[in-house]
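Taking it in order: structure first as structure tokens, then the write-up.
Indexing begins at 1, ligand by ligand and atom by atom, following the structure's order. Values in this document were obtained by computation on a predicted structure and should not be read as measured data.
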Amino acid sequence: MHEKCGIFGVYSHTMDIARLVFFGLFALQHRGQESSGIAVTDGNGIKIRANMGLVSQAFTESDLAQLKGYIGIGHNRYSTTGSSQPANMQPIIASSEGLTLALAHNGNILNVRELRDELQPHGYDFRASTDSEVIANLILASPGKDWGEKIRHAMHRLQGAYSLTIMTDNKLIAVRDPMGVRPLCLGSIDSGWVVASESCALDHIGARFSRDVEPGEVVVIDNNGVKNYRVKSSKKALCIFEYIYFARPDSIIQGRLLYEARQAMGEILAQEHPVDADLVMGVPDSATAASTGYSKASGIPYCEGLLKNRYVGRTFIEPDQRLRDLGVQLKFNPLSRVISGKRLVVVDDSIVRGTTTPHIVTLLRKAGAKEVHLRICAPPIRYPCFLGVDMASEWELIAARKTIPQIRDYLDADSLGYLSLDGLIRAIGLPKDMFCLACFTGDYPIPVQMGMDKLALETLPEKEPVGTQK
Ligand code: SF4
């Protein structure tokens, strides 16, 4: 399961902007590993560097030296809409009638085809195959006497998930969709400002966390300071998988440190699904905090039974099934001297297709584990995501096709326990109605038939990567 993207932005007259954006993106690498890009402005045009690959591979010292300015935005991409290729790298630059903006997007727009069809006859040229390009052009096409007004007008037309950093020739703008599906936060650094997908990126560059950008909020930063505007929505839908898996455990979202939330998931999981066992371990790294919580609540000692090769990316980095299977072996090595002859509780964050977990169970059994009891920090995933998470089609989701006992047998586990939805909400400690829970419940915050627009966009032809013009 992949998150779509990580976004970052800085406004500072005193600091090395490109270097700050680089290290901000470096801290957000877990949100996207396909490509990375930085755009800066000194008030006289926008300069951009973007490349395929990890942040550390995408830029050189000489790239950063050329990116001089006082506003910068950056983007780490993992694609859900639009294929993985240079044309779809971000930030995107778009221009119309003397106005230019650069934009970085995390999320997924559902009514993208309708908007694209509407804009194209008016001369808006689409060079990539992403919904992000549609957002950029929609903002340019929207009425309004200033950027704040144009963006708010565009927000009334956009349906779906979007956290954005936008740069004009003199402004840094942060936008979060009215449902607040993807996180976005604001911080300060010396006399400047920083915007990031997650607060861990602020910590890494020495910025101070100020607050979350609220759902429906537009924050405009320029020489006159910070202004904010609101677009109202009756429905909130923060993706609950940010708490379970996507965001880093050292990030704070809506006042909740994710490490603590994940520990609480493990504690409640131990209460809901107790078992007689010798050791508790987590599938590293995303289930580590939860496994310590399970150990604390159950009194069963914690151990590191699987070692992770930290230089291999997340398991699904390669979409090919054969490489996926191989990826598990490349990624984990069991500590057989620790686990041999033991009854293990193995905590994992979630089960999506069920393709990775059987290999982990096999690895542990081969290493001598006597029993393997799987405990999962999320309820069964029965419905696909239409809001920017590359999860799987419904027919690929193991819990959409099998009962829990059937899944247990398929995974070759001695027992299997999923955290209940109520247990998950209690662990996070925030109101249930602020979350999207659709992949567990099928209750989507937006009608799902609109998700077909995403598929339609993927079939559109792709062109060369250049800025868009009216
Ligand atoms: S459907 Fe699931 S993965 Fe998608 S936004 Fe909602 S909670 Fe997150």
Under 3.5 Å: donor-acceptor pair, side chain of Arg31, backbone of Cys5: yes
N, O or S atom of Cys436 closer to atom 6 (Fe) of ligand 1 than 2.8 Å: yes
Check ion pair Lys236-Glu214 (N to O, under 4.0 angstrom): no
Non-hydrogen atom of Arg182 closer than 4.0 Å to ligand 1: yes
Atoms of ligand 1 close to Cys239 [distance to a heavy atom under 4.0 angstrom, numbered from 1]: 3 (S), 5 (S), 7 (S), 8 (Fe)
Whether Phe440 and Phe241 hold their rings parallel, tilted or perpendicular, with breakpoints at 30° and 60°: tilted
Cys439 backbone or side-chain N/O/S under 2.8 Å from atom 8 (Fe) of ligand 1: no
Point-to-point distance, once rounded to the nearest 0.5 Å, from CD of Gln159 to CG of Leu387: 11.5 Å
